[in-house]
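Here's the structure, in structure tokens; my notes come after.
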Amino acid sequence: MIRHVLPKTALSDWINHLQQNYRVIAPVAVQEFYKFREVNAPEEVVLEYPASILPPKKAILPASEDLLKFDSAHNSIEPTQNSTPIVILGVHSCDLHAIQLLDCVFGSGYSDQHYASRRENITVVSVECLKPCSEHSFCKDMGTQSIPEQFDLHLTDLGEVYILDCGSKKGEMLLRGFDKIEEPTQAQQRRYERVLSQKWSQFTYRLLPQAEEIPSLFALNYRSVLWQELGDRCLSCGACNIVCPTCFCFDVRDDGDLLFKAGKRYRVWDSCQTNQFASVAGGHNFRPNQSERLRHRFFHKFKYLSDSANLSGCVGCGRCAEACLVGINPIEVLNRLYQRRALTAGINKRVFGSFP
């Protein structure tokens with residue numbers, strides 16, 4: 001790993017340098033919120049921000065994406081792929097973990113060519129999180145409050161400068177030709193280590209179960225009455241799916257002219273919380289009840305992806321709790337499952353005694 005220093009006074013010049021060869025997508029302030037969008041001027045970029053409304057996932061897996069165009073008059077079907085070089089600047093560490101999960105999902109088995117084409121041309125610049133984003137964050141519990149082993153370029157705020165850690169050749173390319181990059185001094189290196197060590201006290205553990213216990217906790221609670229209790233509150237609005245950095249379900253649609261001789265096929269984000277998601281031919285619905293859909297979402301996040309890819313489908317960003325209109329909070333759900341399981345185990349022990 002190569003380490004450099006970027007003076008904060010040179011940040012605007014560096015962003016201008018990037019815009020010569022890349023589209024730069026970064027967090028910007030929109031009223032009291034923050035969102036990722038393409039920036040026109042460096043002054044728009046805000047690197048110290050709480051969780052954005054939507055995750056940077058939307059730049060890698062767009063909410064609506066053309067897949068192919070067809071023309072029956074010319075007997076042609078052409079895939080639609082976007083290969084524009086993009087830099088996503090200012091990604092929090094939890095969102096970086098989420099992007100790596102998407103890479104695993106879309107790159108495993110039958111690789112998604114549209115995702116792969118876009119991802120190959122995207123370089124991610126992450127920033128070190130020195131404090132929790134919001135009251136709903138539980139990234140420390142999920143182990144996502146620091147960057148994963150694989151990354152492109154990572155920024156750590158030291159006050160007057162940023163420490164830049166290069167983790168890939170794509171990350172190094174972002175610094176090539178920019179003459180305001182410096183080498184770290186011994187004092188800056190010591191300051192860097194001190195900042196990283198001091199940040200841990202800013203994050204607190206929020207969950208009763210340990211991260212490695214969560215998949216087995218769900219395996220024991222498939223028929224818990226908690227799912228019905230939460231389902232009675234859930235509105236099936238899908239807001240949790242829209243703001244989640246790891247949700248990847250989509251619906252494929254066709255759009256053509258009146259005679260359907262020419263048109264396009266495209267995909268859009270979909271939500272497992274809506275009633276029609278699990279509907280199939282013949283009018284059958286695999287998950288007709290709100291409680292079943294809500295349970296499926298939690299199991300997908302905390303068990304199914306762990307079983308299939310050894311990765312957590314939740315990175316602890318807390319966006320779903322912030323967006324939920326009825327206050328369903330994953331911290332509360334996980335802790336209530338753990339408490340009820342512990343209570344049941346205690347009762348069984350008192351009734352049946354301990355087992356060797």
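Just so it is clear, the values below take in all heavy atoms, side chains as well, and ignore hydrogens, waters and symmetry mates.
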Whether the side chain of S168 engages the backbone of G171 through a donor-acceptor N/O pair (distance < 3.5 Å, no angle test) should be reported. yes
Taking Q188 for the side chain and T185 for the main chain, is one N or O donor matched with an acceptor at less than 3.5 Å? yes
Identify the heavy atoms of [X] and [Y] that sit nearest to each other, and give their distance.
X	Y	result
K35	K58	CE-NZ, 4.2 Å
R233	I328	NH2-N, 3.7 Å
P27	F36	CD-CE2, 3.5 Å

With a cut-off of 3.5 Å and sequence neighbours excluded, list every side-chain donor-acceptor pair involving residues 299-306.
unit_1	atom_1	unit_2	atom_2	d
K301	NZ	T246	OG1	2.9
K303	NZ	D307	OD2	2.8

Look at [X] together with [Y] and state whether they make a salt bridge at an N to O cut-off of under 4.0 Å.
X	Y	answer
D103	R119	yes
R336	E332	yes
D255	R253	no

L6 and V161: side-chain contact (heavy atoms from CB on, under 4.5 Å), yes or no, with the steps? CA-CA 6 Å; L6 173 68; V161 301; over 6 Å; no
Side chains of [X] and [Y] in contact at under 4.5 Å (non-hydrogen atoms):
X	Y	answer
L175	H4	yes
D270	V268	no
W14	L174	yes
L337	R341	no
V39	I25	no
C133	H92	yes
R297	N241	yes
I163	Q189	no

Treating Ile, Leu, Val, Met, Phe, Trp and Tyr as nodes and any side-chain heavy-atom pair under 4.5 angstrom as an edge, say whether [X] and [Y] lie in one connected cluster.
X	Y	answer
L155	I181	yes
V91	I60	yes
L18	V127	yes

Starting from the C-alpha separation in whole Å, work towards a yes-or-no answer on side-chain contact (heavy atoms from CB on, under 4.5 Å) for Q100 and L311. CA-CA 10 Å; Q100 293 205 339; L311 293 170; over 6 Å; no
If you count every heavy atom of other residues, nucleotides or ligands that lies below 6.0 Å from [X] atom [atom1], does the total exceed 12?
X	atom1	answer
K170	NZ	yes
E160	CD	no
Q186	CD	no
N310	CG	no

Taking the cut-offs as 6.0 angstrom to the six-membered ring centre and 45 degrees off its axis, would you call K57 and W269 a cation-pi pair? yes
Run Y22 and I15 through side-chain contact (heavy atoms from CB on, under 4.5 Å) and show every step you take. CA-CA 10 Å; Y22 302 88; I15 295 175; over 6 Å; no
Test side-chain hydrogen bond (donor to acceptor under 3.5 Å, both in side chains) applied to N121 and S83, step by step: CA-CA 6 Å; N121 289 281; S83 58; 5.1 Å; no
Determine, step by step, whether H114 and Q81 satisfy the side-chain hydrogen bond (donor to acceptor under 3.5 Å, both in side chains) criterion, reporting the C-alpha distance in whole Å, the side-chain angles of both residues, the deciding distance to 0.1 Å, and the verdict. CA-CA 6 Å; H114 293 84; Q81 293 184 347; 4.8 Å; no
Taken in chain and number order and not counting sequence neighbours, the residues that satisfy side chain to side chain contact (heavy atoms under 4.5 Å, CB included) with L68 are F70, I77, R265
By the salt bridge (charged side-chain N to carboxylate O under 4.0 Å, His left out) test, which pairs, at least two apart or in different chains, include something from residues 131-157? K8-D157
Residue pairs passing the salt bridge (charged side-chain N to carboxylate O under 4.0 Å, His left out) test with at least one member in residues 64-91, sequence neighbours excluded, are E65-R118, E65-R267, D66-K264
Does Q273 form a side-chain contact (heavy atoms from CB on, under 4.5 Å) with C240? I'd like the steps, not just the answer. CA-CA 9 Å; Q273 297 306 286; C240 52; 3.9 Å; yes
Between Q20 and N16, does a side-chain hydrogen bond (donor to acceptor under 3.5 Å, both in side chains) hold up when you go through it step by step? CA-CA 7 Å; Q20 295 177 14; N16 283 326; over 6 Å; no
Validation: residues 46-56 side-chain donor-acceptor distances under 3.5 Å, sequence neighbours left out:
unit_1	atom_1	unit_2	atom_2	d
Y49	OH	G90	O	2.5
S52	OG	L54	O	2.7
S52	OG	R319	NH2	3.1

Suppose the criterion is side-chain hydrogen bond (donor to acceptor under 3.5 Å, both in side chains): which pairs have a residue in residues 206-227, not counting sequence neighbours? Y222-R295
